[in-house]
There are 2 protein chains.
Amino acid sequence: MFVPDPGAARRIKLAQKIKLSTIADALGVSTATVSLALRDSPLVAGSTRERIKEHARAIGYIYNRRAASLRTSRSGIVGVVVHDIMNPFFAEILRSIETELDRSRQTFILSNHYDQLEKQRTFMDTLLQLGADGVIMSPAIGTPAADIGMAEDNGLPVVLIARDVVGAEVPVFRGNDAFGVGLATDHLISLGHRRIAMVGGTDQTSTGRDRYQGYVAAMERAGIAVDPGWRVAGPRTKLAGFEAAPRFLDIADKPTAAVCWNDLVAIGLMNGLARAGLVPGVDVSVTGYDDLEEASIATPALTTVWNGQREVGRRAARALLDRLNGATVHLPQDLITPELHVRQSTGQAIERN
Amino acid sequence: MFVPDPGAARRIKLAQKIKLSTIADALGVSTATVSLALRDSPLVAGSTRERIKEHARAIGYIYNRRAASLRTSRSGIVGVVVHDIMNPFFAEILRSIETELDRSRQTFILSNHYDQLEKQRTFMDTLLQLGADGVIMSPAIGTPAADIGMAEDNGLPVVLIARDVVGAEVPVFRGNDAFGVGLATDHLISLGHRRIAMVGGTDQTSTGRDRYQGYVAAMERAGIAVDPGWRVAGPRTKLAGFEAAPRFLDIADKPTAAVCWNDLVAIGLMNGLARAGLVPGVDVSVTGYDDLEEASIATPALTTVWNGQREVGRRAARALLDRLNGATVHLPQDLITPELHVRQSTGQAIERN
DNA sequence: CTGAAAGCGCTTACAG
DNA sequence: CTGAAAGCGCTTACAG
């Protein structure tokens, strides 16, 4: 029985794959000339160059980056690894990284580590195997400085964002978290709040420690003793913030306000409070952190701290590109200075029954 | 003046890069044996294999995938391109794709095309240059079937998700949108609504056309003539939904309900309605589409249509992996059947003044 | 301005 | 079970 094979034409095409030498043969020049012409080298005569480029286009030549990269040991690939790319906080950082890298025609490979060290290591390994030119990372909880040193030693430059790693001698770009949370806390205190809870976050990251400490410092500056019971540790997502509402409401001396870990937790918490019959911004004041696009359209509009995400992404990408181009990058320690954006989710302190 | 050079040690390491032959020389075997041993080939004696693997680990050998891929023409890379990876709708699909691909140790490269054909083409080109094994894509608006055929002809298998491309003979995985919107519309009609608006979406995508048509068909089945003025076309994000609230409220005959393009638009619209002093779910009924995690914690909890995102991602990844493994994949036309999830954002029709 | 040749680091027939 | 050798498709000194 005759079975027609629809893949035959395709396979034939694959068999006679077009490469540099195909063009060279057709035009009676060497592959060296073709290679140089396609990359716009001034070493090739203008007319030759145009003839080659035109022919390459006509026959549908596809540049083989693996081969080139094997030869040059430059891959044009940059890795980006964060806790969760779907988190809107990282989303804004990623967008600005994307903008910068696109401009330099670097391909970027994204990955989530979900704070699992093993996932992060697998990804770093993949980058090394692919010969990536560099990596921008928000390190997973527990990342040892040695992991970063190992990447650097194998020719993979690292730039950190959002979180620091003690002992790693690479650039870090992030906001001044302690200062930022201080702004939110000061604001609540100025509205008459004294019993202020801190909802969300963990001590396992530099960011988590900085933010909690910023809250404690602000309270102490105002002469308020912080009750450890006011801390609802853990939540970092909208859902977790929502589910934390009962825990917040169960705190014995009923705090009148909550400084939240980030906007997601704040919005989740506000939804949880609303579900419990309270009016956020009136019965309980709530602050967020990050100033996501969503913060201004939440109900009520969220008072929050702008965290300079765009700036973090932009500076990190620039620093990496500078390193790739051989520039000396000095370790920056100028944290980005956050700003308080006051909206409707905070108001005068009101006692609940 | 003596200037210490901290990069020297690093550069030396790079210079004496470890490769297969380094191991072969050290152990007195051939590179062929090392290559086979590292990939657990049964052709190599167990003891030899262990000795080689142990040594490779000890000296920190890094497998060069570019070299291997150049030889085998298999890269272990799969591309994924969608409108916007930061959109929670795609986020859920991506997570299930990630799970499937991780299992097969494929690296995936993500990219947004933001519905710009040029961005999509650049990315497809990059995939071809990197020798990617395949691509999963939600095609940008206006993608011609020829673009997909070109990729396929160059050995890059394509699987589509969420949107169809007329004339492209590749597998497509998506939900039954017309049916799903019908469920939401029927539900509103059963609550006594007659003037129902459709907020968001565009006719430029197959999804957009299907959803609008599903709404029209449901209305007609109930004997309701659809007023073109009830359509607020365009919005697809939370912010756009929020900003569409005034347009919705300005519709002359004051619809009592809104079928929204997706959950983001619905949540944004509800926030906008609340800002205007209305209570969503009471004054105006609102339905979403997708059933994002967020839908159930919105205020009020959103009545929406579950769209099988996980399933879309899982099936698409499986189909691509099957193709890579040489299996014949028949074009599926079994759309995923959506389900209505009723919550608090819909209620009996109430006339507004 | 152009060409011949070596080499990047693997894998795969092939031979033994 | 193991080795010698060719080749994947580029780029880069080097020579002319």
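Not measured: the values here are computed from a predicted model. Chain letters run A, B, ... following the sequence lines, proteins first and then strands; every chain starts at 1. The figures that follow rest on heavy atoms only: side chains count, while hydrogens, waters and symmetry mates do not.
In this entry the distance linking CD1 of B:I62 with C1' of C:dG9 reads 13 Å, nearest Å. Taking atom CG on A:L70 and atom C1' on D:dG7, their separation rounds to 12 Å, with Å as the unit. Between the CG atom of B:N64 and the P atom of C:dT11 there is a distance of 9 Å, given to the nearest Å. Spacing between atom CZ of A:R66 and atom C1' of D:dG7 amounts to 14 Å, rounded to whole angstrom units. Between the C1' atom of D:dC1 and the CG atom of B:L27 lies a distance of 16 Å, rounded to the nearest Å. Rounding to whole angstrom units, NZ of residue B:K17 and C1' of C:dG7 are separated by 15 Å. Taking atom CD of A:Q129 as the reference point, atom P of C:dC10 lies 10 Å away to the nearest angstrom. For the pair B:L128 CG and D:dG9 C1', the computed distance is 16 Å after rounding to whole Å.
An OP1 or OP2 oxygen of D:dC8 is reached within less than 4.0 angstrom by no side-chain nitrogen or oxygen of B:S73. Checking the phosphate oxygens (OP1, OP2) of C:dC10, a side-chain nitrogen or oxygen of B:Y61 falls inside 4.0 Å.
A:T72 places a side-chain N or O within 3.5 Å of a backbone atom of A:A68 that can act as its donor or acceptor partner. One N or O on the side chain of A:N112 and one on the backbone of A:I85 form a donor-acceptor pair closer than 3.5 Å. Not a single donor-acceptor pair under 3.5 Å links the side chain of A:R163 to the backbone N or O of A:S206. Remark: side-chain polar atoms of B:R323 are not paired, donor with acceptor, to backbone N or O of B:A319 under 3.5 angstrom. No donor-acceptor distance shorter than 3.5 angstrom exists from the side chain of B:T31 to the backbone of B:L20, with no hydrogens or angles considered.
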Requested in this report: Using a 3.5 Å limit on both pairing distances, list the dot-bracket string of DNA chain D from the 5' end; Watson-Crick and G-U wobble pairs count, crossing pairs take [ ], interstrand pairs take |.
Outcome: |||.||||||||.|||
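Taken to the nearest 0.5 Å, the CD1 atom of B:I77 stands 4.5 Å off from the CD1 atom of B:I109.
Ion pairing between B:R51 and B:E54 fails under the 4.0 Å rule for side-chain N and carboxylate O. Ion pair B:R95/B:E98 not flagged as a salt bridge, since none of the NZ, NE, NH1 or NH2 atoms sits closer than 4.0 Å to an Asp/Glu carboxylate oxygen.
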Just the atom pairs and distances: protein N or O near nucleotides 14-16 of chain C's N or O, under 3.5 Å.
none

Atom pairs, N/O to N/O, protein against nucleotides 2-6 of chain D, distance under 3.5 Å?
residue: D:dT2; atom: OP1; partner: B:T48; partner atom: OG1; Å: 2.9
residue: D:dT2; atom: OP2; partner: B:A45; partner atom: N; Å: 3.1
residue: D:dT2; atom: OP2; partner: B:T48; partner atom: OG1; Å: 3.4
residue: D:dG3; atom: OP2; partner: B:S30; partner atom: N; Å: 2.8
residue: D:dG3; atom: OP2; partner: B:S30; partner atom: OG; Å: 3.3
residue: D:dG3; atom: OP2; partner: B:T33; partner atom: OG1; Å: 2.8

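Among residues two or more places apart in sequence or in another chain, the salt bridge (Lys or Arg N to Asp or Glu O under 4.0 Å) test is passed with A:E100 by A:R103, A:R318. Considering only residues two or more places apart in sequence or on other chains, B:D322 meets the side chain to side chain contact (heavy atoms under 4.5 Å, CB included) condition with B:A327, B:V329. Evaluation of the side chain to side chain contact (heavy atoms under 4.5 Å, CB included) rule for A:D40 yields A:R49, A:K53 as partners, not counting sequence neighbours.
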